[in-house]
**Student:** 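This is the structure, below, for whatever I ask next.
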Amino acid sequence: QVQLVESGGGLVEAGGSLRLSCVASVRTFTNYAMAWFRQAPGKEREFVAQVTWRLSSTYYADSVKGRFTISRDNAKNTVYLQMNSLRPEDTAVYYCAADYRRTVPSGYSHYDYWGQGTQVTVSS
């Protein structure tokens, strides 16, 4: 029903920036909250950021607040994650997620649709 495709990952030096993109194949993009999660090797998948389905309120994990910015372009069915001041501990596979009319962030099990992930590696 909903397909998500991430792009924009890569290798960057500490202090650098990357912008991740996620394109959603769905008829009514605005009915879905969009979120980013990440998972480092051997660690749990963790919440990074979310933009809600209607008011487009944004939420961030404390670890990225002030450095990352989530936004959505409803005309393009795309959500972005602008990552600045990257640190080696940001290294992870970043996943785009979508959930129907979600207004508050939640754990990964509450999101129905997922992208394939894109690798972000930050060198020191």
Side-chain angles (χ1 to χ4, degrees):
Q1 183 179 359
V2 179
Q3 295 187 45
L4 308 174
V5 180
E6 304 101 329
S7 63
L11 175 64
V12 65
E13 295 182 358
S17 299
L18 285 173
R19 188 185 71 166
L20 306 183
S21 299
C22 174
V23 179
S25 179
V26 62
R27 189 179 186 278
T28 309
F29 179 66
T30 52
N31 278 342
Y32 293 84
M34 303 297 298
W36 290 95
F37 288 77
R38 67 186 182 186
Q39 187 167 23
K43 296 185 178 180
E44 297 286 334
R45 187 173 300 183
E46 65 175 347
F47 172 79
V48 176
Q50 182 188 279
V51 56
T52 60
W53 75 280
R54 182 163 58 184
L55 297 179
S56 295
S57 300
T58 57
Y59 301 86
Y60 299 93
D62 288 341
S63 60
V64 306
K65 190 174 181 64
R67 299 187 297 122
F68 292 9
T69 302
I70 189 170
S71 61
R72 64 193 299 162
D73 186 339
N74 292 330
K76 296 181 178 179
N77 282 20
T78 301
V79 64
Y80 303 96
L81 185 67
Q82 178 66 47
M83 304 185 294
N84 298 326
S85 301
L86 283 163
R87 305 164 181 168
E89 53 263 41
D90 294 319
T91 296
V93 177
Y94 283 71
Y95 296 93
C96 177
D99 204 44
Y100 185 71
R101 294 185 176 180
R102 176 165 293 280
T103 56
V104 294
S106 190
Y108 67 88
S109 64
H110 293 272
Y111 294 81
D112 289 333
Y113 306 101
W114 292 87
Q116 81 287 352
T118 185
Q119 177 71 47
V120 172
T121 302
V122 184
S123 62
S124 58

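Just so it is clear, the values below take in all heavy atoms, side chains as well, and ignore hydrogens, waters and symmetry mates.
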**Student:** Which atoms form the tightest heavy-atom contact between Asp73 and Phe29, and what is the distance?
**Tutor:**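 So the minimum-distance heavy-atom pair works out to O-CE2, 4.2 Å.
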**Student:** Treating Ser85 as the side-chain partner and Gly15 as the backbone partner, does any N or O pair qualify as donor plus acceptor under 3.5 Å?
**Tutor:**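 Not confirmed, Ser85 side chain does not pair with Gly15 backbone.
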**Student:** Would a 4.5 Å heavy-atom cut-off, applied to side chains only, mark Tyr95 and Arg45 as touching?
**Tutor:**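 A side-chain contact under 4.5 Å exists here.
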**Student:** Going by atom types only, do Tyr94 and Gln119 share a side-chain donor-acceptor pair under 3.5 Å?
**Tutor:**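 There is no such pair (donor and acceptor under 3.5 Å, judged by atom type) between the side chains of Tyr94 and Gln119.
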**Student:** Just how far is it from atom CG of Leu55 to atom OG1 of Thr103, taken to the nearest 0.5 Å?
**Tutor:**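 It comes to 9.0 Å.
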**Student:** Looking only at non-hydrogen atoms, find the nearest pair between Ser17 and Asn84 and report the distance.
**Tutor:**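 Closest approach of Ser17 to Asn84: OG-OD1, 2.8 Å.
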**Student:** Take Tyr100 and Trp53 through the test ring pair (Phe, Tyr, Trp, His ring centres under 6.0 Å) and record every step on the way to the result.
**Tutor:** CA-CA 8 Å; Tyr100 185 71; Trp53 75 280; 7.4 Å; no
**Student:** Are more than 12 heavy atoms, taken from residues, nucleotides or ligands other than Tyr108, located less than 6.0 Å from that residue's OH atom?
**Tutor:**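 Count not over threshold, so no.
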**Student:** Measure the spacing between CZ of Arg38 and CD of Glu89 and express it to the nearest 0.5 Å.
**Tutor:**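 CD of Glu89 is found 8.0 Å from CZ of Arg38.
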**Student:** Minimum heavy-atom separation for Leu81 and Ala49, please, with both atom names.
**Tutor:**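 Reported closest heavy-atom pair: CD1-CB, 4.2 Å.
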**Student:** Drop me the distance from Arg54's CZ to Asn31's CG, to the nearest 0.5 angstrom.
**Tutor:**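 Rounded to the nearest 0.5 Å, the CZ-CG separation comes out at 9.5 Å.
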**Student:** Is a side-chain N or O of Thr121 found less than 3.5 angstrom from the main chain of Thr91, in a donor-acceptor match?
**Tutor:**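 Side chain of Thr121 to backbone of Thr91: no pair is present.
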**Student:** Quick check against the 3.5 Å criterion: does Glu6 have a side-chain atom that pairs as donor or acceptor with the backbone of Cys96?
**Tutor:**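 Pair found, side chain donor or acceptor close to backbone of Cys96.
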**Student:** Does a sphere of radius 6.0 Å around CD in Gln116 hold more than 12 heavy atoms from other residues, nucleotides or ligands, not counting ones at 6.0 Å or beyond?
**Tutor:**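 Counting neighbours around CD of Gln116, more than 12 heavy atoms of other residues, nucleotides or ligands fall under 6.0 Å, so yes.
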**Student:** Please check if Val64 and Tyr80 belong to a single hydrophobic cluster, counting links between Ile, Leu, Val, Met, Phe, Trp and Tyr side chain heavy atoms closer than 4.5 Å.
**Tutor:**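 As far as the 4.5 Å side-chain criterion goes, Tyr80 and Val64 are not connected within one cluster.
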**Student:** Would you say Gln50 and Tyr111 are linked by a side-chain donor-acceptor pair, where the criterion is simply a distance under 3.5 Å?
**Tutor:**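 Indeed, the side chains of Tyr111 and Gln50 share at least one donor-acceptor pair under 3.5 Å.
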**Student:** Is Thr118 reaching over with its side chain to a backbone N or O of Gly9, donor-acceptor style, under 3.5 angstrom?
**Tutor:**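 Pair found, side chain donor or acceptor close to backbone of Gly9.
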**Student:** Can you check whether Trp36 and Phe47 have ring centres sitting under 6.0 Å from each other?
**Tutor:**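 Between Trp36 and Phe47, the centre distance exceeds or equals 6.0 Å.
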**Student:** Any idea which heavy atoms bring Val12 and Leu18 closest together, and the distance?
**Tutor:**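 Closest heavy-atom pair between Val12 and Leu18: CG1-CD1, 4.0 Å.
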**Student:** Can you tell me how far apart CD1 (Ile70) and CE (Met83) are? Round to the nearest 0.5 Å.
**Tutor:**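 Result: 11.5 Å between the selected atoms.
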**Student:** Side chain of Arg72, backbone of Thr52: donor and acceptor closer than 3.5 Å?
**Tutor:**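 Side chain of Arg72 to backbone of Thr52, a donor-acceptor pair under 3.5 Å: yes, one is there.
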**Student:** Going by distance alone, is a donor N or O of one side chain under 3.5 Å from an acceptor N or O of the other, for Asn74 and Thr30?
**Tutor:**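 Checked: Asn74/Thr30 side chains show no N/O donor-acceptor pair below 3.5 Å.
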**Student:** What closest approach, in Å, do Ala14 and Ser124 show between heavy atoms, and which atom pair accounts for it?
**Tutor:**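 Answer, listing the atom of Ala14 first, then Ser124: CB-CA, 4.4 Å.
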**Student:** Rounded to the nearest 0.5 Å, what separates atom OG in Ser71 from atom CE in Met34?
**Tutor:**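 One gets 11.5 Å once the value is rounded to the nearest 0.5 Å.
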**Student:** Ser63 and Arg87: which non-hydrogen atoms are nearest, and at how many Å?
**Tutor:**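 The pair with the smallest heavy-atom distance is O-NH1, 4.1 Å.
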**Student:** Between Asn77, Leu4, Val79, Val26, which is the residue that forms a side-chain contact (heavy atoms from CB on, under 4.5 Å) with Tyr32?
**Tutor:**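 With Tyr32 as partner, Asn77, Leu4, Val79, Val26 yield a single side-chain contact (heavy atoms from CB on, under 4.5 Å), made by Val26.
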**Student:** Can you tell me how far the CZ atom of Phe68 sits from the OG1 atom of Thr58, to the nearest 0.5 Å?
**Tutor:**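 These two atoms lie 14.5 Å from each other.
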